[in-house]
Amino acid sequence: QVQLVESGGGLVQPGGSLRLSCAASGDVFSYYNMAWHRQAPGKQRELVAGISTGGSTNIVGSVKGRFTISRDNAKNTVILEMSSLKPEDTAVYYCYARRTTKAYWGQGTQVTVSS
């Protein structure tokens, strides 16, 4: 069974930056497509960014140009780098791992953007 542990969340002022990390264990990391999703209070969970096993990335339009996603297969980690943060970015951010037959979620890490 895959475990995903997020870290790096916290309180940041508007315009600030934050780096989220997701550490994976329990299976061969390179087999998995990885993604970050977020869920704000009262809203549905939404995809933020994804990265495939081959390294192709997808960034949702609302954060494109501000967020980047990367992976380090040697360290079994996926990174979300966030800049120019806005209050509307406030949400619980979840790490997600998927392969053909399995999918896993992390426990989430809170990001709060407020002055």
Side-chain angles (χ1 to χ4, degrees):
Q1 184 174 349
V2 169
Q3 280 195 301
L4 304 171
V5 180
E6 301 98 331
S7 62
L11 176 64
V12 64
Q13 293 186 342
S17 299
L18 214 55
R19 181 181 184 271
L20 305 184
S21 297
C22 173
S25 62
D27 204 352
V28 181
F29 181 73
S30 62
Y31 291 174
Y32 286 80
N33 298 297
M34 303 296 298
W36 288 94
H37 295 242
R38 68 185 181 186
Q39 187 166 23
K43 301 184 70 175
Q44 295 184 22
R45 191 172 298 185
E46 64 174 351
L47 174 69
V48 177
I51 184 165
S52 73
T53 56
S56 298
T57 61
N58 178 53
I59 310 295
V60 73
S62 60
V63 304
K64 188 173 292 184
R66 301 188 296 117
F67 291 13
T68 61
I69 187 170
S70 61
R71 67 190 295 160
D72 187 339
N73 287 347
K75 296 181 178 179
N76 291 356
T77 60
V78 60
I79 305 298
L80 185 68
E81 294 178 285
M82 306 182 292
S83 63
S84 301
L85 284 162
K86 305 173 181 180
E88 51 262 46
D89 295 319
T90 296
V92 177
Y93 284 71
Y94 296 91
C95 185
Y96 176 73
R98 181 185 61 81
R99 59 182 299 182
T100 302
T101 60
K102 302 176 186 295
Y104 301 91
W105 291 96
Q107 81 288 345
T109 185
Q110 177 71 49
V111 172
T112 302
V113 185
S114 180
S115 58

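Quantities reported herein were computed from a predicted structural model and do not represent experimental measurements. We're numbering straight along the sequence, starting at 1.
Contact detail for Val111 and Gly9: the closest heavy-atom pair is CG2-CA, 4.2 Å. Among all heavy-atom pairs drawn from Leu80 and Ala49, the shortest one is CD1-CB, 4.1 Å. Of all heavy-atom pairs spanning Val78 and Trp36, the tightest one is O-CZ2, 3.8 Å. Shortest non-hydrogen contact noted between Thr90 and Gln110 is CG2-NE2, 4.0 Å. Of all heavy-atom pairs between Phe29 and Ala24, the closest is CD1-CB, 3.6 Å.
Counting only heavy atoms from C-beta outward, the side chains of Tyr104 and Tyr32 approach each other to under 4.5 Å. With a 4.5 Å cut-off on side-chain heavy atoms, Arg19 and Ile79 count as touching. Residues Arg66 and Met82 have side chains not in contact (no heavy-atom distance under 4.5 Å, counting atoms from C-beta outward). Side-chain contact between Ile69 and Ile59: present, with at least one pair of heavy atoms (C-beta onward) separated by less than 4.5 Å. Counting only heavy atoms from C-beta outward, the side chains of Asp89 and Leu18 never approach each other to under 4.5 Å. Residues Trp105 and Cys95 form no side-chain contact, since every pair of their non-hydrogen atoms from C-beta on lies 4.5 Å or further apart. Residues Arg38 and Val63 meet the side-chain proximity criterion, which asks for heavy atoms closer than 4.5 Å.
In summary, Asp27 and Arg99 engage in a salt bridge, as defined by a charged side-chain N under 4.0 Å from a carboxylate O.
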Checklist entry - Under the side chain to side chain contact (heavy atoms under 4.5 Å, CB included) criterion, do Leu11 and Ser114 qualify, and how do the steps go? => result CA-CA 7 Å; Leu11 176 64; Ser114 180; 4.2 Å; yes

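Of the inter-residue distances, the one linking Tyr31 atom OH with Asn73 atom CG reads 11.5 Å to the nearest 0.5 angstrom. Taken to the nearest 0.5 Å, the CG atom of Leu20 stands 8.0 Å off from the CZ atom of Phe67. Rounding to the nearest 0.5 Å places OG1 of Thr77 at 4.5 Å from CG of Asp72. Of the inter-residue distances, the one linking Thr53 atom OG1 with Arg98 atom CZ reads 9.0 Å to the nearest 0.5 angstrom.
Remark: the backbone N or O of Asn33 is not paired with any side-chain donor or acceptor of Arg71 at under 3.5 angstrom. Side-chain N or O atoms of Glu6 include none that pairs as donor or acceptor with a backbone N or O of Cys22 at under 3.5 Å. The closest donor-acceptor contact from the side chain of Thr109 to the backbone of Tyr93 lies at 3.5 Å or more, if one exists at all. Judged by distance alone, the side chain of Gln107 and the main-chain N or O of Val5 form no donor-acceptor pair under 3.5 Å.
In this structure, Gln3 places its CD atom where only 12 or fewer heavy-atom neighbours from other residues, nucleotides or ligands lie under 6.0 Å away.
Clustering ILVMFWY residues whenever any of their side-chain heavy atoms sit less than 4.5 angstrom apart, transitively, puts Ile51 in the very cluster that holds Val60.
Taking the ring centre of Tyr96 as origin, the terminal cationic atom of Arg45 falls outside the region bounded by 6.0 Å and 45° from the ring axis.
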